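Working notes for the structure below.
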Amino acid sequence: MGVGIAYMDGPRLARSLFAASDWVAAGREEINRINVFPVPDGDTGTNFSLTLRAVADALRALGDASLPVTATTMARAAVLGARGNSGMMLAHFLMGVAESIGDRETATPSELAAALSAGAAGLYGALDDPREGTILTVAREAAAAAERAAARSPDIAEFMRQMYLEGEEALARTPELLAVLKDAGVVDAGGMGFMRMIEGVVRFIDGDPILAVAPGYTGEYAVPAADMTVAADQDFQFCTEVVVRGEQLPPANEVRAALRTFGGSLVVAVMGDILHAHVHTNTPDAVFTYVSRWGNLEKTKAEDMRAQHQGLQHGVQKQVGIVTDSASDLSDSVLDRHGISLVPLQVIFGDEVLLDRVELKPEEFYRRMRSAPQLPTTSQPTVADFVRVFREARHEAEQVIAILVSSGLSGTFQSGAAAIRAGGLTNVRLVDSKSASLGAGMLALRAAELAEQGWPADAIATEIERVRDQSGVFLTVDKFDNLLRSGRVSRGKAWLGGLLDVKPILSRDAAGRVVPIDRARGREQLIGRVLSLLEARLQPRPKQLRFGVVHAEAPDVAKRVRDALVAAYQPRDCFVSLATGVLGTHVGEGAWAVFYQVEDGTPPAPPNPRSPG
């Protein structure tokens, strides 16, 4: 009888975490539903899933690497991307696993099982008040089962299956250890997220399908979290998180001691130059001010848990949800912060079709394009993908606005319209951005901001179209190969342009098509010429202005351009993004663009139909 899986290496660890991330995402709503401890705010599934997705995204960007590099990247991404209490707990678990793996190039079953136990043990040291009947109990007992199984069998697959079986038994016992779970008739939500992660790995090993997220059920069902009251010692208003980057960070136990006076549910992770703290408090700004003494604030968050709980009690949907496509180039952090849904376009390498930003991250796209025998092509999202994303968005919101890449550049808008008809969907409205990349992305961001302010859907769509019509882009390419193939430039002009080192400057017309407007000779003259054209376009000088600088593997140029824009205009935002494969396919490496969004002239907020009066 042969050995199944005799060792773990970097690529195997990464692929296991990809499967775990997808499986947790598919079950996150059920985890949210049963979230009653430590506070019933209904977001444990979302937070655990988004933290694990941050890990998967970092590993996809890394590509195949050694086990130590993969494990370190995993842990660091978890610390940086942790969301909520459950995400912080997951980060501590993965940090313990990575530290135990150390410099091993491969891990045997017994070594991997020991690393899992080290991760579980690390959870206890991370908390001021460790409570049994939570993810701590489930992780500890599941890891102990793995160690016992690894002692009997040299097969990682065997001990993972045993870890899953005994972990599920531990999860089922959590109500006997924590009264609040027994009163609600549920198991621990954090423990369920942990076991969902383990189940995803087992399904991957066994070759079982990792199902996509199903459309949310729109009927009525019990939400135990909605019926729970918050214990007096846990009744803080804001779930607060802060990420600090510094050269001489204090150890985690000192940070916890310093932050105890601000609130409860303290979890702190420190890894290298990154400190991530989570605390439930009534004074988030005071927390941010206090921790700033240790370094630069990289990220801050304060979510109103009381409002979240009230929303569960009353079954409140958002008034308006926003959808965009993967060509928008908004970062995951912006999408997550504003609850913007993403539908993926497709990138095609030969016979291989990959979902943009889901199966193919921008960094991996450029690596593959450099070595591909033929340039990749692209295709709009399928009708099925649009129907799935629209249904999910409608489950969360009464009205949905989808802001999509220009209909003059892609069939994405038409595919979205077909999905509305095919799915029999109501209250879904499409807006043609007549742009691409951050030109569409910043419109989606503005729409999300207006939705958060209580604007109704029709007024948001009208305002976004107004902002769109006073915004624009300047785009340039370094090489003509990709534009030549797409028919954007003639072969003769491409040959002459390359010979003379002439760089085209492109913009968009009123229909959202790419049009040439100028040219410059050489890279140095090009930056100055684009900035000059931009200055002329932005007259009179707007007061409410956003920029997006997008590049196709040209980070140095992007930084120079961003610095110049910030110095000259003091914009509301100036995003910098590596162009996704959908844009990179057509413009090629070295291309870059400046998108500008003028928001002057916003009318007063219209009456909110939900408001009394």
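Computed from a prediction, not measured in an experiment: that's the story for all the values here.
In this structure, the side chain to side chain contact (heavy atoms under 4.5 Å, CB included) partners of Asp206, at least two apart in sequence or on a different chain, are Arg161, Val202, Asp208. Scored by the salt bridge (charged side-chain N to carboxylate O under 4.0 Å, His left out) test, Glu254 finds no partners at all (sequence neighbours excluded). Scored by the salt bridge (charged side-chain N to carboxylate O under 4.0 Å, His left out) test, Arg83 finds Glu303 as partners (sequence neighbours excluded).
Side-chain atoms of Thr580 and Asp356 form a donor-acceptor pair, as typed in the model, at a separation below 3.5 Å.
Within the structure, every pair that satisfies the side chain to side chain donor-acceptor pair (under 3.5 Å) test and touches residues 138-154, not counting sequence neighbours, is listed here: Ser117-Glu147, Tyr124-Arg140, Glu132-Arg140, Glu141-Arg173, Arg148-Glu166.
Between Glu392 and Arg388 there is a salt bridge, since a side-chain N of the basic residue sits under 4.0 Å from a carboxylate O of the acidic one. A salt bridge does not link Asp329 to Arg357: none of the charged side-chain nitrogens sits closer than 4.0 Å to a carboxylate oxygen. Looking at Arg367 and Glu364, no side-chain N of the basic residue comes within less than 4.0 Å of a carboxylate O on the acidic one, giving no salt bridge.
A donor-acceptor contact shorter than 3.5 Å links the side chain of Asp155 to the backbone of Ala157. Under a 3.5 Å cut-off, the side chain of Ser326 and the backbone N or O of Leu345 do form a donor-acceptor pair. In this structure a side-chain-to-backbone donor-acceptor pair under 3.5 Å is missing from Ser379 to Gln346. Looking only at distances, no side-chain donor or acceptor of His92 sits under 3.5 Å from a matching main-chain atom of Leu123. No side-chain donor-acceptor contact under 3.5 Å links Arg28 to the backbone of Leu50.
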Pairs of donor and acceptor atoms involving the side chains of residues 57-71, under 3.5 Å and at least two apart or interchain, shall be tabulated with distances.
| residue | atom | partner | partner atom | Å |
| --- | --- | --- | --- | --- |
| Asp57 | OD1 | Lys361 | NZ | 3.0 |
| Ser66 | OG | Val69 | N | 3.4 |
| Thr70 | OG1 | Ala65 | O | 3.4 |
| Thr70 | OG1 | Ser66 | O | 2.8 |

Donor-acceptor contacts under 3.5 Å from residues 550-561 side chains, at least two apart:
| residue | atom | partner | partner atom | Å |
| --- | --- | --- | --- | --- |
| His551 | ND1 | Glu553 | N | 3.4 |
| His551 | ND1 | Ala554 | N | 2.9 |
| Glu553 | OE2 | Arg370 | NH1 | 3.1 |
| Lys559 | NZ | Asp563 | OD2 | 2.9 |
| Arg560 | NH1 | Glu524 | OE2 | 3.4 |
| Arg560 | NH2 | Glu524 | OE1 | 3.3 |

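Nearest heavy atom pair, residue Gly87 against residue Thr51, reads CA-OG1, 3.3 Å. Of all heavy-atom pairs spanning Phe595 and Ala436, the tightest one is CE2-O, 3.2 Å. Closest approach of Ser577 and Leu438 over heavy atoms only: CB-CD1, 4.0 Å. Contact record, Thr174 with Asp188: OG1-N, 3.2 Å, taken as the closest heavy-atom pair. Between Asp385 and Leu355, the shortest heavy-atom distance links the atoms OD2-CD2, 3.9 Å. Residues Gly584 and Tyr366 approach most closely at CA-OH, 3.6 Å, considering heavy atoms.
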task: Test Val323 against Ile403 for side-chain contact (heavy atoms from CB on, under 4.5 Å), laying out the working first.
output: CA-CA 6 Å; Val323 172; Ile403 300 170; over 6 Å; no
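Within the 4.5 Å cutoff, no side-chain heavy atoms of Met192 are placed close to those of Phe48. For the pair Val97/Met74, a side-chain contact is recorded, criterion being any heavy-atom separation below 4.5 Å from C-beta on.
Here the rule is side chain to side chain contact (heavy atoms under 4.5 Å, CB included) with Trp294, and of Val291, Leu297, Asn296 only Val291 fits it.
Taking CD1 of Ile198 as the reference point, atom CZ of Arg203 lies at 14.5 Å (rounded to 0.5 Å).
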